[in-house]
There are 2 protein chains.
Amino acid sequence: METTRDTILAAAAELLDQSGPEGVTLRGVAQIAGLSHNAPYKHFRDKEALLAGVAARELRVRTAAMAGTIAASSDPLTALRELAYDHIRWGLQYPNRFRLIFGRWERHDEDLADAASETLRLFIEAIALVRSAGKIRPGDNERTAALLMSLIHGAMEMALGGHLSAEGKGRSDPQGLVDDLIDMLKM
Amino acid sequence: METTRDTILAAAAELLDQSGPEGVTLRGVAQIAGLSHNAPYKHFRDKEALLAGVAARELRVRTAAMAGTIAASSDPLTALRELAYDHIRWGLQYPNRFRLIFGRWERHDEDLADAASETLRLFIEAIALVRSAGKIRPGDNERTAALLMSLIHGAMEMALGGHLSAEGKGRSDPQGLVDDLIDMLKM
DNA sequence: ACCTGAACACCGTTCAAGT
DNA sequence: ACCTGAACACCGTTCAAGT
């Protein structure tokens, strides 16, 4: 029954999309939520905790959606590719959410860390299924998952910064680079 | 003859290393530089321009160092690997500089963009040398460079966020992941 | 338990002067 | 041309009250 807390989180997410983490002011959040400018302090100890709440909430929604994507795929290799594409599509659409979730945190947030390791686990499982189906070369599933996630994050970061699409002759957008990696992983 | 400008840049870089971009306050910079709190406005139009100046200056130094790394290597493949390692080592040592340079910018900064494309060109040339020596599989050099740089950036971001070393059984640190990629690129 | 209003220290930025 | 001091609007955070 924490509808007030959720109202605050929704307001913060709205401001985050509009103008990034710096744009998420306690006063702005409170105004959208219809509260006094320091009411959020009764629900979050400070601004960083509020942002961590937004990040964890969004990441859980994303992870659930990705699980759905896997379930809807016809075979393990397609599932892996769709999982990656899904992640990229979301990141490009909501760059501020993506950066907030995977960016730097001053303090460790348990809730966010849990959500992140769940996402990682999903990638590891997707890799494990492809590998046990004999579609990709032998290796450690966790390490291959780290390789794929790192590439996705880096490619997204470069794409958001305009360092990718601009200069490549080939289709060096995030999806293209992920395709390259998956092709090289194939046996 | 812009020693004042350089003094300001050095002061800003110092604060950046200590406490990130938010820690770079105009007042703090001016104090370290021995100026009044708004003297920097005579050299940079606003805070973002100041940070862009810091980023461009640091990236040029880095690119020169990387060029030296290449020149000092015995063969093209070693040069490529050392180039990547060098970049990773620097990023892990100066996370705030790394994030500033390759992170998000509100405004486009010509100087920084130039420095960044020079860095990219260095990677492309390193790839081209390895490829023309027949050490890695055929492909587009720019796209392969984008693949490698994306992986490096993403792995660094994940390592800095504590998402890499923690859960991997295998040695899934940035260097290890880059090794994996280069191994897969080999013919 | 939850919310409010006033207050504090800090920040980026602007402006009218000074040399 | 370069620097200064005062001022403005804004921000995160704290605190004493209110219900």
Side-chain angles (χ1 to χ4, degrees), chain A residues 1-57 96-97 99-100 103-109 111-112, chain B residues 1-57 96-97 99-100 103-109 111-112:
Chain A
M1 191 60 67
E2 34 189 16
T3 168
T4 301
R5 188 188 143 100
D6 279 335
T7 305
I8 292 173
L9 283 178
E14 186 182 329
L15 284 177
L16 175 67
D17 283 338
Q18 279 174 26
S19 42
E22 336 247 280
V24 181
T25 66
L26 275 294
R27 284 167 172 83
V29 167
Q31 195 188 1
I32 294 177
L35 298 167
S36 81
H37 77 282
N38 48 11
Y41 281 98
K42 306 303 162 183
H43 303 268
F44 304 92
R45 62 183 276 198
D46 58 16
K47 180 176 173 175
E48 195 182 6
L50 169 60
L51 288 175
V54 172
R57 181 163 160 269
N96 288 333
R97 300 186 196 183
R99 280 202 157 102
L100 176 70
R104 186 124 210 222
W105 293 91
E106 293 289 326
R107 259 199 324 270
H108 177 81
D109 184 272
D111 196 25
L112 177 56
Chain B
M1 187 65 70
E2 32 189 19
T3 169
T4 301
R5 188 189 142 99
D6 278 336
T7 305
I8 292 172
L9 283 177
E14 186 182 327
L15 285 177
L16 175 67
D17 282 339
Q18 278 173 25
S19 40
E22 336 247 280
V24 182
T25 66
L26 276 293
R27 284 166 171 84
V29 167
Q31 195 188 0
I32 294 177
L35 299 167
S36 80
H37 77 283
N38 47 10
Y41 282 97
K42 306 303 161 182
H43 304 268
F44 304 91
R45 63 184 276 199
D46 57 15
K47 180 174 173 175
E48 194 181 8
L50 170 60
L51 288 176
V54 173
R57 180 162 159 270
N96 289 332
R97 299 187 196 184
R99 281 202 156 100
L100 175 70
R104 186 123 211 221
W105 293 91
E106 293 290 326
R107 260 198 324 270
H108 177 81
D109 185 271
D111 196 24
L112 177 56

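Just so we're on the same page: letters track the sequence lines, and every chain starts at 1. What you are looking at is a predicted structure, and each value in this text was computed from that prediction instead of being measured.
- Under the salt bridge (charged side-chain N to carboxylate O under 4.0 Å, His left out) criterion, the residue pairs touching residues 37-53 of chain A are A/D46-A/R107, A/E48-A/R107, with sequence neighbours excluded.
- Side chains of A/L9 and A/L50 form a contact here, defined as non-hydrogen atoms less than 4.5 Å apart.
- The side chain of B/H43 places no N or O atom within less than 4.0 Å of a non-bridging phosphate oxygen (OP1 or OP2) of D/dA1.
- Listed by first and then second residue, the side-chain hydrogen bond (donor to acceptor under 3.5 Å, both in side chains) pairs involving residues 29-40 of chain A are A/S36-A/N38 (not counting sequence neighbours).
- Not counting sequence neighbours, the partners of B/R97 by the side-chain contact (heavy atoms from CB on, under 4.5 Å) test are B/L16, B/D17, B/E58, B/W90, B/Y94.
- For A/S19, there are no side-chain hydrogen bond (donor to acceptor under 3.5 Å, both in side chains) partners two or more places apart in sequence or in a different chain.
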Whether each nucleotide of nucleotides 8-19 of chain C has a protein heavy atom under 4.0 Å at its base (B), only at its sugar-phosphate (S) or at neither (-) is summarised, 5' to 3', as ---BBBBB----

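- Considering only residues two or more places apart in sequence or on other chains, A/A52 meets the side-chain contact (heavy atoms from CB on, under 4.5 Å) condition with A/W105, A/D109.
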Watson-Crick and G-U pairing of DNA chain C written in dot-bracket, each distance under 3.5 angstrom, with | for inter-strand partners: ||.|||||...|||||.||

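- For the pair B/V54 and B/V24, the minimum side-chain heavy-atom distance is 4.5 Å or more.
- Take B/R57 and apply the salt bridge (charged side-chain N to carboxylate O under 4.0 Å, His left out) test, not counting sequence neighbours, and it matches no residue.
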